Visitor: 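Can you keep this structure in mind? I'll have questions shortly.
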Amino acid sequence: MSDKRMKFLNTHVDNLTMAEAVEEAKSLVLKGGRSYVVTPNVDHIVKIEHDRLFREIYEGADLILTDGKPLIWMSKLLGMPIKEKISGSDYFPEVCKMAAREGLSIFLLGAAEGVAKKAAVNLMKKYEHLKIAGVYSPSYTFESDVKEISYIIRKINEAQPDILCIGLGTPKQEKFYYKYKELLNVPLTLHIGATIDFEAGVVKRAPKWVSYAGMEWFYRLLKEPRRLYRRYLLDDLEIFPIFWKYRKQSQFLAPRSCNILGVDIAVTNMKSVCGYLTKNLERLRGEYVCVSNVHTTVMAYNDASYREVQNGAAIAVPDGKPLSLICRLRGYQGAQRVAGPDLMPEILRISEKEGYRHYFYGSTERTLGFLERNLRERYPELNIVGTYSPPFRKLTKEEDEKIIERINAARPDFVWVGLGAPKQERWMFEHQGKVNGVMLGVGAAFDFHAGTSKRAPKWMQEFYLEWLYRLLQDPKRLLKRYMFSNAQFIWLILTGH
């Protein structure tokens, strides 16, 4: 996955130029493994809206490139302009050039009998030194023929291509690959639709000016009206309500803030915070969220470096009721408490429906075990992609790089950090831009939801006494914190700071 991936409508796209996308393809081949590329157009976006498997395939892609001028126009209207239209038919020749230059081999799978062979001949004439590892044109109903599927997999693996190019049409090509990808020993797979026909010369592609004008769909409709009229004139019209749906959902702006003892505390509520984080997820990747209370605010007042950490967050929400009360006393009537232990289940509940991925960093292995078990029971559809309990010491540079690589490899959307203040906030600050997910420092929320520590009753929370409940539970550790922090906080507020 590129570091320029962003949320777009009901999927994601990698916001790259053609040159950048070709370099990504090269990197994926050299990395090894089983990577694949998809190129969403209007028709694909409509399919993603209703086909859960197709959506899953797209979410798992290593490279998602935007095919279609209408999507480029929509990205501009949404205020998140995509750099360049990169259709499969334009991308494939550029990848062939790179493959010829780097000595990489290609396998063509798709098109009618003999067409893939013709395309291979044309490609080798066009790109000197291009290696064609093999070609195969399957029967029209091959996906229901177990013997032919076995033959295709064996033929591809025996050819040992660096790049597999599948031109079977959408969604057949994507679903075939996704079902059998673990059996295919190919570093990179491209899904290229009608491109094999274009390269063979059996189907003529729209002139460049037609493509540039965003009318390639109309050109194809005129060529094949009986096959394509339903897709283009009926089904794909749903793109307009889809655009409107996600346009409205993208309009969540950062809340106003109220400065309390030098810390910018968000004037917000639970619904607004959840909306802001989920609807701006792609923009916020690599950023972090501070869940601030009286103690952290006083620490920030006394320590300029920690104040920088608090104010460096994408948003600092008022975990403690006193902070939201002060916001209201200063004229921000909509301010409400957003406690970390309450924010976590709200995001997790939304995630069951939206498929967001979660990683939990911090606490002990025992607590993480209980936490994962409890969350899976409460949220059966929740996608937990990893947990890690760091040692109770500072990690070496090598250890830190390894765990960040591990977290990013899991592709989380949200990284929950439970190290306690101020350690968790400093950790997030130090890893800003390194972790490819939104980091949230929620402290004791791990213990509460794991069941290893009990939270104060609701009535104590409502009467601003949660701190007292926690003090009674752990007086040795918390006495100094609450006695000094709370007293200093009250004094500073009363003296007009």
Side-chain angles (χ1 to χ4, degrees), residues 22 25-26 28-29 34-39 67 87-181 183-207 211 216 219-220 223-224 227-228:
V22 173
K26 176 182 169 182
L28 291 171
V29 173
R34 295 178 177 88
S35 300
Y36 65 99
V37 182
V38 293
T39 53
D67 180 352
S87 66
S89 300
D90 292 326
Y91 187 53
F92 174 72
E94 295 300 320
V95 171
C96 285
K97 285 182 191 175
M98 179 273 293
R101 186 174 64 248
E102 300 295 331
L104 304 177
S105 61
I106 288 175
F107 192 106
L108 300 178
L109 174 65
E113 182 66 35
V115 173
K117 287 183 180 179
K118 191 172 182 181
V121 171
N122 291 346
L123 288 167
M124 286 188 290
K125 289 178 181 177
K126 194 186 298 185
Y127 307 109
E128 191 178 1
H129 307 305
L130 179 64
K131 299 175 185 177
I132 301 295
V135 301
Y136 185 70
S137 296
S139 61
Y140 187 71
T141 57
F142 81 95
E143 66 269 28
S144 59
D145 186 334
V146 176
K147 287 185 178 179
E148 186 170 13
I149 290 171
S150 297
Y151 174 76
I152 292 169
I153 293 170
R154 187 171 66 253
K155 186 176 177 69
I156 293 170
N157 287 341
E158 286 174 355
Q160 296 183 319
D162 297 298
I163 304 172
L164 170 63
C165 302
I166 307 179
L168 300 171
T170 295
K172 182 188 281 191
Q173 60 194 15
E174 291 86 0
K175 290 185 176 181
F176 166 75
Y177 172 76
Y178 197 66
K179 186 174 183 180
Y180 298 105
K181 67 176 180 175
L183 300 177
L184 291 164
N185 300 320
V186 185
L188 180 63
T189 298
L190 311 183
H191 298 93
I192 57 174
T195 304
I196 295 175
D197 292 318
F198 296 151
E199 294 296 338
V202 297
V203 173
K204 191 176 180 182
R205 195 179 174 196
S211 179
E216 192 165 2
Y219 181 90
R220 294 192 65 189
K223 288 276 187 180
E224 298 182 83
R227 185 174 74 87
L228 297 176

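Treat the numbers as computed from the prediction; the structure is a model and nothing was measured. Keep in mind that the numbers below use all heavy atoms, side chains included, and drop hydrogens, waters and symmetry copies.
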Visitor: I need the Ile152 CD1 to Lys147 NZ distance, nearest 0.5 Å.
Guide: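 Rounded to the nearest 0.5 Å, the CD1-NZ separation comes to 14.5 Å.
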
Visitor: What is the distance from atom CG of Asn185 to atom CD1 of Ile153, rounded to the nearest 0.5 Å?
Guide: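 The distance works out to 10.0 Å.
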
Visitor: Please report the interatomic distance OH(Tyr180) to CD(Glu143), rounded to the nearest 0.5 Å.
Guide: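 Here the interatomic distance stands at 9.0 Å.
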
Visitor: Tell me, do Pro93 and Glu199 make a side-chain contact under 4.5 Å, heavy atoms counted?
Guide: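 SC-SC contact between Pro93 and Glu199 confirmed.
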
Visitor: Tell me, please, which residues at least two apart from Ser139 pass side-chain hydrogen bond (donor to acceptor under 3.5 Å, both in side chains).
Guide: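 Residues passing side-chain hydrogen bond (donor to acceptor under 3.5 Å, both in side chains) with Ser139: Glu148.
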
Visitor: Do the numbers put Lys172 on top of the ring of Tyr140, so that NZ or CZ is under 6.0 Å from the six-membered ring centre and no more than 45° off the axis?
Guide: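 Yes - Lys172 lies over the ring of Tyr140, closer than 6.0 Å to its centre and within 45° of its axis.
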
Visitor: Would you say NZ of Lys175 has more than 12 non-hydrogen atoms from neighbouring residues, nucleotides or ligands within 6.0 angstrom?
Guide: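 Result for NZ/Lys175: enclosed.
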
Visitor: Can you find a heavy atom in the side chain of Val38 that is under 4.5 Å from one in the side chain of Glu174?
Guide: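 With C-beta onward as the side chain, the pair touches.
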
Visitor: Ignoring hydrogens and geometry, is there a side-chain-to-backbone donor-acceptor pair from Asn157 to Leu183 under 3.5 Å?
Guide: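 Side chain of Asn157 to backbone of Leu183: a pair is present.
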
Visitor: Looking at every non-hydrogen atom in both residues, tell me the closest pair between Ile132 and Ala120 and how far apart they are.
Guide: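 In this case the closest contact between Ile132 and Ala120 is CG2-CB, 3.9 Å.
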
Visitor: For Gln173, check side chain to side chain contact (heavy atoms under 4.5 Å, CB included) against everything at least two apart and list the hits.
Guide: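 So Gln173 forms a side chain to side chain contact (heavy atoms under 4.5 Å, CB included) with Ile166, Leu168, Thr170, His191.
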
Visitor: If every non-hydrogen atom of Val115 is compared with every non-hydrogen atom of Ser137, which pair is closest and at what distance?
Guide: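 Result for this residue pair: N-OG, 4.4 Å.
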
Visitor: Taking all non-hydrogen atoms of both residues into account, name the closest pair between Ala99 and Leu130 and its distance.
Guide: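 Nearest heavy atoms, Ala99 then Leu130: CB-CD1, 4.0 Å.
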
Visitor: Is there a side-chain contact between Val22 and Tyr91, using heavy atoms and a 4.5 Å cut-off?
Guide: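 A side-chain contact under 4.5 Å exists here.
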
Visitor: Quick one: NZ on Lys179 to NZ on Lys181, what's the gap to the nearest 0.5 Å?
Guide: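 It comes to 14.5 Å.
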
Visitor: If you compare all heavy atoms of Phe107 against all heavy atoms of Tyr136, which two are closest, and at what distance to 0.1 Å?
Guide: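 Nearest heavy atoms, Phe107 then Tyr136: CE2-N, 3.9 Å.
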
Visitor: Do the non-hydrogen side-chain atoms of Tyr151 and Pro138 ever get within less than 4.5 Å of each other?
Guide: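 No, every pair of side-chain atoms sits at 4.5 Å or beyond.
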
Visitor: By the definition side-chain contact (heavy atoms from CB on, under 4.5 Å), identify the one residue from Ile156, Val135, Ile196 that meets it with Leu109.
Guide: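 Answer to the side-chain contact (heavy atoms from CB on, under 4.5 Å) test with Leu109 among Ile156, Val135, Ile196: Ile156.
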
Visitor: Using a strict 4.0 Å threshold on nitrogen-to-oxygen distance, state whether Glu158 and Lys155 make a salt bridge.
Guide: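 Salt bridge: no.
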
Visitor: Does the gap between the ring centers of Phe92 and Phe198 come in under 6.0 Å?
Guide: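 Here the rings of Phe198 and Phe92 have centres that are no less than 6.0 Å from each other.
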
Visitor: Just how far is it from atom CG of Leu190 to atom OG1 of Thr195, taken to the nearest 0.5 Å?
Guide: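 Going from CG on Leu190 over to OG1 on Thr195, the span is 9.5 Å.
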
Visitor: What heavy-atom pair brings Leu123 and Cys96 nearest, and what distance separates the two atoms?
Guide: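 Smallest interatomic distance, heavy atoms only, reads CD2-SG, 4.2 Å.
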
Visitor: For Ala133 versus Ala159, what's the shortest heavy-atom pair and its separation?
Guide: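 Answer, listing the atom of Ala133 first, then Ala159: O-CB, 3.6 Å.
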
Visitor: Donor-acceptor pair, Ser35 side chain versus Leu188 backbone, under 3.5 Å?
Guide: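 Looks like no, no N/O pair under 3.5 Å.
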
Visitor: How far does CG of Leu108 sit from CD1 of Ile163, to the nearest 0.5 angstrom?
Guide: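 Going from CG on Leu108 over to CD1 on Ile163, the span is 10.5 Å.
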
Visitor: Is the side chain of Ser87 donor-acceptor paired with the backbone N or O of Asp67 at a distance under 3.5 Å, no angle test?
Guide: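 Not at all, since once roles are kept as given, no pair shorter than 3.5 Å links the two residues.
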
Visitor: With a cut-off of 6.0 Å (strictly less than), are more than 12 heavy atoms of other residues, nucleotides or ligands near NZ of Lys117?
Guide: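 Count not over threshold, so no.
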
